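Scroll down for the structure; my scribbles are underneath it.
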Amino acid sequence: MTKEVKNLKQFSKSAEKFEGANLLCPGCAHGMIIREVLNSVDGHILIGNSTGCIEVSTAVYPYTSWDVPWIHIGFENSSTAVAGAEAMYKALSRKGKYKGDRPKFVAFGGDGSTYDIGFQWISGCFERGHDLTYICFDNEVYANTGGQRSGSTPLGSSTSTTPAGRVSYGKKEKKKDILAIFAAHGSPYVAQVAPNKWKDMNKKIKTALDTEGPTFINALSACTTEWRFDCNNTVEMMDLAVDSLVFPLYEIINGHELHITYRPKNIIPVRDYLGVQGRFKHLFKPENEHIIEQWQKDVDKKWELLQRREEAKI
């Protein structure tokens with residue numbers, strides 16, 4: 001059973017299933033997302049966790065921050081582990097060997113294990129139709145292993161494998177549209193969320209968990225260390241991301257029915273978002289200003305496309 005959290009007072013009184021005694025970086029948004037997921041569920045939940053920031057910061061042997069069933073498996077296949085547990089539940093229920101309530105099956109992974117290393121495993125789970133929810137903590141970089149670029153890393157970002165310098169403005173490739181990819185799998189529900197819009201996030205997580213079949217949530221998770229901003233500005237950073245439309249909040253139902261769930265009252269320029277992050281500071285040099293202009297064109301084009309799809313109801 002899931003629940004809708006209507007106010008922060010109710011949220012603060014929820015039973016704590018993710019302990020505060022963890023080693024996540026100060027200002028890390030991962031913990032906010034995890035708590036939102038766990039507090040959305042009344043009843044049994046099983047978590048599968050790919051190797052990444054969450055795993056290394058919450059399960060330092062012999063300790064754990066998790067007060068729910070939790071599986072750590074390889075970098076690439078949290079989805080496979082959860083799919084196996086979901087298949088076992090179905091088999092035991094069919095044979096009458098399990099008669100309890102159906103658990104919620106959730107797989108967690110960072111953008112590296114989602115956009116790149118684990119993509120084929122997630123794709124297989126979606127193609128087979130496992131009844132689970134996959135949640136990506138999208139911090140746009142391999143933050144746990146040295147700050148390397150991932151398929152989620154945006155254009156122009158300076159990372160340890162795409163460093164900006166005299167001959168390069170950073171990453172040359174654009175960020176994958178992961179939501180469109182999983183919508184194209186025919187998923188009954190996919191959505192983008194951001195912790196600064198917690199009510200929107202709670203509603204979408206609840207919908208994903210309550211929808212039968214493979215569902216996908218892409219959660220923005222600002223990274224203070226690799227994005228290079230002060231750790232007390234995490235929420236403000238995500239405000240800038242959604243208000244500049246760099247990370248629009250929307251959902252897609254049954255692979256085609258699109259709904260925009262947040263429309264900024266005052267849309268801010270993309271350069272305001274880029275300008276407060278150290279990973280983009282080199283873009284403000286005269287020779288790299290064209291990259292900022294390209295960013296703005298791309299964001300405007302994507303927003304126009306989302307609105308047209310929503311209006312067309314296709």
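Keep in mind that what you see is a predicted model, and the values were worked out from it rather than measured. Basis for what follows: all heavy atoms, side chains included, without hydrogens, waters or symmetry-related copies.
Within the 4.5 Å cutoff, no side-chain heavy atoms of T162 are placed close to those of S168. Residues F137 and C53 are not in side-chain contact: their nearest non-hydrogen atoms beyond the backbone lie 4.5 Å or more apart. L46 is listed as a side-chain neighbour of I71, based on a closest heavy-atom distance under 4.5 Å.
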Any chance you could lay out the side chain to side chain donor-acceptor pair (under 3.5 Å) test for S40 and N202, step after step, and finish with the verdict? CA-CA 7 Å; S40 296; N202 175 258; 3.0 Å; yes

Is there a side-chain contact (heavy atoms from CB on, under 4.5 Å) between I135 and V106? Walk through the geometry before answering. CA-CA 7 Å; I135 299 175; V106 177; 3.9 Å; yes

Test log, rule side chain to side chain donor-acceptor pair (under 3.5 Å), inputs H72 and T51: CA-CA 7 Å; H72 167 236; T51 301; 2.8 Å; yes

Would you please test L274 and F284 for side-chain contact (heavy atoms from CB on, under 4.5 Å) and show each step? CA-CA 9 Å; L274 302 179; F284 290 83; 4.1 Å; yes

Report the C-alpha distance between E257 and I252 in whole Å, list the side-chain angles of each, state the deciding distance to 0.1 Å, and finish with yes or no for side-chain contact (heavy atoms from CB on, under 4.5 Å). CA-CA 5 Å; E257 184 181 337; I252 304 174; 5.9 Å; no

Going through the checks in order, is the side-chain contact (heavy atoms from CB on, under 4.5 Å) test met by V193 and N218? CA-CA 6 Å; V193 303; N218 195 42; over 6 Å; no

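The pair D243-K265 fails the salt-bridge criterion, with no side-chain N (NZ, NE, NH1 or NH2) lying under 4.0 Å from an Asp/Glu carboxylate O. In this structure, D210 pairs ionically with K206, as a charged nitrogen and a carboxylate oxygen lie closer than 4.0 Å. In this structure, E226 does not pair ionically with R279, as no charged nitrogen and carboxylate oxygen lie closer than 4.0 Å. E86 and K90 are joined by a salt bridge, as a carboxylate oxygen and a charged side-chain nitrogen come within less than 4.0 angstrom of each other.
Side chains of D138 and S221: a donor-acceptor N/O pair is absent below 3.5 angstrom, by distance only. Side-chain polar atoms of E55 and N49 form no donor-acceptor pair below 3.5 angstrom. Between the side chains of T261 and D200, at least one donor-acceptor pair of N or O atoms lies under 3.5 Å. Between the side chains of T114 and Y134, a donor-acceptor pair is found at a separation under 3.5 Å. Side-chain N/O atoms of S150 and D111 include a donor and acceptor closer than 3.5 Å. Counted by atom type alone, K97 and S93 present zero donor-acceptor pairs between their side chains at under 3.5 Å. No hydrogens or angles considered: a donor-acceptor pair under 3.5 Å links the side chains of H185 and S123. Checking S50 against S78 by side-chain atom types alone, a donor-acceptor pair falls below 3.5 Å.
Transitive grouping of hydrophobic side chains (ILVMFWY, heavy atoms separated by less than 4.5 Å) keeps V56 and V60 in distinct clusters. Under the 4.5 Å side-chain heavy-atom criterion for grouping Ile, Leu, Val, Met, Phe, Trp and Tyr, L23 is not connected to F18 through any hydrophobic cluster. Under a hydrophobic-cluster definition in which Ile, Leu, Val, Met, Phe, Trp and Tyr are linked whenever side-chain heavy atoms come within less than 4.5 Å, directly or via other members, I73 and Y89 are assigned to different clusters. No chain of hydrophobic side-chain contacts below 4.5 Å, direct or via other Ile, Leu, Val, Met, Phe, Trp or Tyr residues, connects V299 to L305. Note on L155: it clusters hydrophobically with L179, by side-chain heavy-atom contacts below 4.5 Å among ILVMFWY residues.
V41 and K17 get closest at one heavy-atom pair: O-NZ, 2.5 Å.
Atom CD of Q296 is separated from atom NZ of K301 by 14.5 Å, given to the nearest 0.5 angstrom. Rounded to the nearest 0.5 Å, atoms CD1 (I205) and CD1 (I33) are 8.0 Å apart. Note that OG1 of T80 is 7.5 Å distant from CD of E76, once rounded to the nearest 0.5 Å.
S113 contributes no side-chain N or O that, together with a main-chain N or O of G118, makes up a donor-acceptor pair within less than 3.5 Å. Under a 3.5 Å cut-off, the side chain of E310 and the backbone N or O of H259 do not form any donor-acceptor pair. T161 places a side-chain N or O within donor-acceptor distance of the main-chain N or O of R149, the cut-off being under 3.5 Å. Checking side-chain atoms of K175 against main-chain N and O of G151 turns up no donor-acceptor pair under 3.5 Å. At least one donor-acceptor pair closer than 3.5 Å links the side chain of K104 to the backbone N or O of L209. The backbone N or O of L258 sits nowhere less than 3.5 Å from a side-chain atom of E251 that would complete a donor-acceptor pair. The backbone N or O of A208 lies less than 3.5 Å from a partner atom in the side chain of T215, making a donor-acceptor pair.
Summarising the hydrophobic clusters (Ile, Leu, Val, Met, Phe, Trp, Tyr; side-chain heavy atoms under 4.5 Å, direct or chained), the residues clustered with F75 are I117, Y142.
Aromatic pair F247/Y262: ring centres not closer than 6.0 Å.
Relative orientation of the W66 and F108 rings is tilted, given thresholds of 30° and 60° on the angle between their planes. Relative orientation of the Y273 and W295 rings is tilted, given thresholds of 30° and 60° on the angle between their planes.
Screening Y189, F119, Y115 for a ring pair (Phe, Tyr, Trp, His ring centres under 6.0 Å) with F182, the sole residue that qualifies is F119.
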Pairs of donor and acceptor atoms involving the side chains of residues 229-242, under 3.5 Å and at least two apart or interchain, shall be tabulated with distances.
| unit_1 | atom_1 | unit_2 | atom_2 | d |
| --- | --- | --- | --- | --- |
| T234 | OG1 | G27 | O | 2.5 |
| T234 | OG1 | C231 | O | 3.4 |
| D239 | OD1 | N196 | ND2 | 2.8 |

